[in-house]
There are 2 protein chains.
Amino acid sequence: MTHYRSGCPIASTLDIVGDKWSLLLLRAMVVGATSYSDFLAAPEKISTNILAERLRRLEAAGLIVRVHPRHGSNRGVYALTERGAALLPALQELARWGEAHLPDRWAAPERFYAARPEDFGAGREPSSG
Amino acid sequence: MTHYRSGCPIASTLDIVGDKWSLLLLRAMVVGATSYSDFLAAPEKISTNILAERLRRLEAAGLIVRVHPRHGSNRGVYALTERGAALLPALQELARWGEAHLPDRWAAPERFYAARPEDFGAGREPSSG
DNA sequence: GATTCTTACTTGCATTTTGCAAGTAAGAAC
DNA sequence: GTTCTTACTTGCAAAATGCAAGTAAGAATC
């Protein structure tokens, strides 16, 4: 249960994902991260305690799901939910701003801007037919 | 001088405005806040030390400008720069997500979604002719 | 033109969040 | 069955945020 600072939808969204790391974890998932070690490999170097806690929070908030491929396996796999993938447009706008207004930033990969929320969403794989 | 966690444009943008308050201050300006006391009146109740420090940071980052209407006046006026106003699309996406995915949030005012970056920008008032 | 009010802060300290380094537990590889 | 990898937890240090009170200077009031 998150405590909201106000009813404002921006403030409330930030109360969920407005910490120092959550949006970067979602970004990583958009470009393919699925495991704990994938997140650790990101260039920003999140520490392990924060990562574990943040994954729990994002799962509790329904933005990601955790799947253990085989029962009892230590190798977990994380995926975006529809709700989590719906933050993609916000991520894209933040990226666009950074590229346009900050010096010497990397260009986000083409597939990042090309991605759509519908491309993700656990349990809702786009059918090919 | 901000220290960037990485070259990623999302991470870098968040290194500038990804704290608990900056985006809410920009939001307030989009809907008309111009003075220190306007910011304090926002429903999230920022404390005065944080507000003063954040306004300095946003000014240093070139997202807002501080104008003292008459020389030596204590009544300061803040305005979005072009750079600051360029974050509007990101704010709008965050708001959309909150309205769509969180329960019982306020609806942002029409003029918030209708606003365009070009409507703002200190020293660049849209000419009427 | 002195008192009071308002605006815009600063300061000091408590609390919360984040960061770092080390340790652990369990399955997978060899 | 020992070693490696993955996925964490724990303890403590540091940084960010929050709260309450104080301050300084212009603006309004008398």
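Letters A, B, ... mirror the listed sequences (proteins, then strands); counts begin at 1. Because the structure is a prediction, the values reported are computed rather than measured.
- Not one side-chain nitrogen or oxygen of A:Lys20 sits closer than 4.0 Å to the OP1 or OP2 atom of D:dA16.
- One can place NZ of B:Lys45 at 17 Å from C1' of D:dT17, the figure rounded to the nearest angstrom.
- By the 4.0 Å N-to-carboxylate-O rule, A:Arg66 lies close enough to A:Glu59 to be salt-bridged with it.
- Helical stems in DNA chain D, defined as runs of 3 or more consecutive Watson-Crick or G-U wobble pairs with donor-acceptor distances under 3.5 Å: C:1-30 with D:1-30.
- Between the C1' atom of C:dA8 and the CZ atom of B:Phe39 lies a distance of 13 Å, rounded to the nearest Å.
- Looking only at side-chain heavy atoms (C-beta outward), A:Phe120 and A:Leu88 come within less than 4.5 Å of each other.
- The nearest whole Å value for the distance from the CD atom in B:Glu53 to the P atom in C:dT11 is 13 Å.
- Side-chain heavy atoms closer than 4.5 Å link hydrophobic residues (I, L, V, M, F, W, Y) into clusters, and following such links, possibly through other members, connects A:Val17 to A:Ile50.
- Atoms CG (A:Asp15) and P (D:dG18) sit 11 Å apart, rounded to a whole Å.
- Side chain of B:Gln92 to backbone of B:Ala115: a donor-acceptor contact under 3.5 angstrom is found.
- Comparing atom distances between the B:Ser35 side chain and each of D:dT17, C:dA8, D:dC8 picks out C:dA8 as nearest.
- For the pair A:Arg66 and B:Arg57, nearest-nucleotide mapping onto DNA chain D gives the more 5' position to A:Arg66.
- Nearest nucleotide to the side chain of B:Tyr36, out of C:dA8, D:dA7, C:dT18: C:dA8.
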**OP:** Take A:Arg96 and A:Glu99 through the salt bridge (Lys or Arg N to Asp or Glu O under 4.0 Å) test and state the conclusion after the steps.
**Re:** CA-CA 5 Å; A:Arg96 262 191 258 282; A:Glu99 289 198 39; over 6 Å; no

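- To the nearest 0.5 Å, the span separating CG on A:Leu40 from OG1 on A:Thr48 amounts to 7.0 Å.
- For C:dG19, the OP1/OP2 oxygens have a side-chain nitrogen or oxygen of A:Trp21 closer than 4.0 Å.
- A:Leu102 and A:Trp106 are not part of a single hydrophobic cluster, where members link through side-chain heavy atoms under 4.5 Å apart.
- Atom pair B:Arg5:CZ and C:dT18:P shows a separation of 10 Å (rounding to whole Å applied).
- Judged by distance alone with a 3.5 Å cut-off, a donor-acceptor contact links the side chain of B:Asn49 to the base of D:dC19.
- Whole-Å rounding puts the A:His3 NE2 to C:dT16 P distance at 13 Å.
- Under 4.0 Å is where a charged nitrogen must lie from a carboxylate oxygen, and between B:Glu44 and B:Arg27 at least one such pair does.
- Side chain A:Ser47 to base C:dT18: no donor-acceptor pair is found below 3.5 Å.
- Looking at the side chain of A:Thr48, the nearest of the listed nucleotides D:dG18, C:dA22, D:dA21 is C:dA22.
- Of the side-chain N and O atoms in A:Arg75, none sit less than 4.0 angstrom from OP1 or OP2 of D:dC4.
- Dashed line: the shortest gap from a side-chain N or O of A:Arg54 to OP1 or OP2 of C:dT17 is not under 4.0 Å.
- Across the interface with DNA chain D, nearest-nucleotide mapping of B:Ile46 and A:Arg56 shows A:Arg56 to be the residue nearer the 5′ end.
- Minimum atom distance to the side chain of B:Tyr78 is reached by C:dC9, of the listed C:dA22, D:dT17, C:dC9.
- Note: CD1 (B:Ile50) to C1' (D:dC19) measures 10 Å, nearest angstrom.
- Taking only side-chain nitrogens and oxygens, B:Ser37 comes nearer than 4.0 Å to OP1 or OP2 of C:dA8.
- Protein atom CG of A:Leu55 is 14 Å distant from nucleotide atom C1' of D:dT9, rounded to whole Å.
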